[in-house]
Amino acid sequence: MPKNKNTFSSRRSRLVQRAVHAGWAWVQRTGAVTAERPGRLRFAAMGTGTRLAFPQGTVFGEPWIHLGDHCIIGEQVTLTAGLMPDLDLGAEPILRIGNGVVLGRGSHVIADTTVTIGSDCYFGPYVYVTSTNHSYDDPQEPIGKQWPRMEPVEIGPGCWIGTGAVILPGARIGRNVVVAAGAVVRGAVPDHAVVAGAPARVVRRWTPGDGWQPPLRTPAPVPIPDGVTPEQLLALSELDEEAIAALQATEDAP
């Protein structure tokens, strides 16, 4: 009995697909950059546990880039120091990234002058941080040919920068700040604030005296208690509403 051509073709396609996926996974592992396996990149400092996923975006000016410990740099992230490659930028680093920073896929950090990102900052995908902006003072000259304006950028520790946010030259973002997705930030942002919009403005802020104003609309998440095992979490996920109500009644009983 002749073999079914469609079955054979389908089996071959699955094998090819598996081979492609396995090959790409190998390429990603091999192409990742770490302190032990820097490839062509020679950063001024690259901390323990830091990893640049493959494929990398545009990276140049590495001798003036400091990366802290345990950073995760996603795929296609651009990191640059200086206006162009092969410039001598002096003795001090231009781009400093603290410990535990996560830069989401496709993000850009353009440090033509000083850019500092504090420890434990998390960036969503496609965030754009730049210390340089085009000038248009001369109405007769093409904007791209006019000398740009540069101002240092500082992002404090513990910030969350949402997807597609833009951080402009001169921005000084405080500690534990939330920048909403798509926000365009310039100027100073205080500690413990939430900013949104283009241009970004403070829409919520925490202070010791007043707490969060306006008040938060949802309760804070409850962390998983220490000592809870994955098996216990799985068992909880399988409980129905009646069983959960019975457990709650047991806890509330005197």
Side-chain angles (χ1 to χ4, degrees), residues 21 23-87 89 92-132 152-169 171-173 175-185:
H21 287 178
W24 180 244
W26 179 86
V27 169
Q28 287 179 305
R29 290 194 302 272
T30 305
V33 170
T34 63
E36 297 75 25
R37 299 173 57 186
R40 64 174 181 82
L41 301 177
R42 296 293 184 268
F43 293 102
M46 188 173 188
T48 301
T50 290
R51 183 182 182 91
L52 279 72
F54 181 86
Q56 290 92 37
T58 300
V59 179
F60 63 76
E62 308 97 282
W64 292 273
I65 298 176
H66 281 216
L67 303 176
D69 297 333
H70 305 294
C71 296
I72 300 174
I73 313 299
E75 296 179 14
Q76 299 289 359
V77 169
T78 289
L79 300 173
T80 64
L83 283 168
M84 60 190 68
D86 303 322
L87 295 178
L89 304 177
E92 296 299 317
I94 300 298
L95 172 55
R96 287 183 179 269
I97 296 178
N99 299 329
V101 171
V102 176
L103 300 182
R105 177 189 179 94
S107 293
H108 288 60
V109 183
I110 310 299
D112 296 331
T113 189
T114 306
V115 173
T116 303
I117 299 174
S119 294
D120 300 313
C121 286
Y122 285 66
F123 288 40
Y126 307 108
V127 171
Y128 191 86
V129 180
T130 181
S131 62
T132 301
V153 172
E154 183 174 355
I155 300 173
C159 292
W160 164 249
I161 313 297
T163 300
V166 177
I167 313 299
L168 292 174
R172 300 180 306 282
I173 299 175
R175 182 185 189 91
N176 286 13
V177 169
V178 175
V179 176
V184 179
V185 181

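Computed from a predicted model, the values in this text were never measured in an experiment. Basis for what follows: all heavy atoms, side chains included, without hydrogens, waters or symmetry-related copies.
To the nearest 0.5 Å, atom CZ of residue F54 and atom CD of residue E75 are 9.0 Å apart. The CD1 atom of I161 sits 15.5 Å away from atom OH of Y128, with the distance rounded to the nearest 0.5 Å. Atoms OH and CD, from Y126 and Q76 in turn, are 8.5 Å apart once rounded to the nearest 0.5 Å. Atom OG1 of T116 sits about 9.0 Å away from atom CD1 of I155, to the nearest 0.5 Å.
By the side-chain contact (heavy atoms from CB on, under 4.5 Å) test, N99 is found to be paired with D69, S119, residues two or more places apart in sequence or in another chain being considered.
Y122 OH: 12 or fewer foreign heavy atoms inside a 6.0 Å radius.
What you find for R37 and T30 is that their closest heavy atoms are NH2-O, 3.3 Å. In plain terms, the two heavy atoms of E62 and R42 that are nearest each other are CB-O, 3.3 Å. Taking both residues in full, the closest heavy atoms of V101 and D120 are given as CG2-N, 4.1 Å, listed atom of the first, atom of the second, then distance. Between C121 and G158, the shortest heavy-atom distance links the atoms SG-N, 3.8 Å. Among all heavy-atom pairs drawn from L79 and I65, the shortest one is O-CD1, 4.0 Å. Of all heavy-atom pairs spanning I167 and I173, the tightest one is CD1-CD1, 3.9 Å.
The main-chain N or O of T113 is found under 3.5 Å from a side-chain atom of S131 such that the two form a donor-acceptor pair. Distance alone, capped at 3.5 Å, is enough to place a donor-acceptor pair between the T50 side chain and the G68 backbone. Formation of a donor-acceptor pair under 3.5 Å by the T163 side chain with backbone atoms of G124 is not found in this model.
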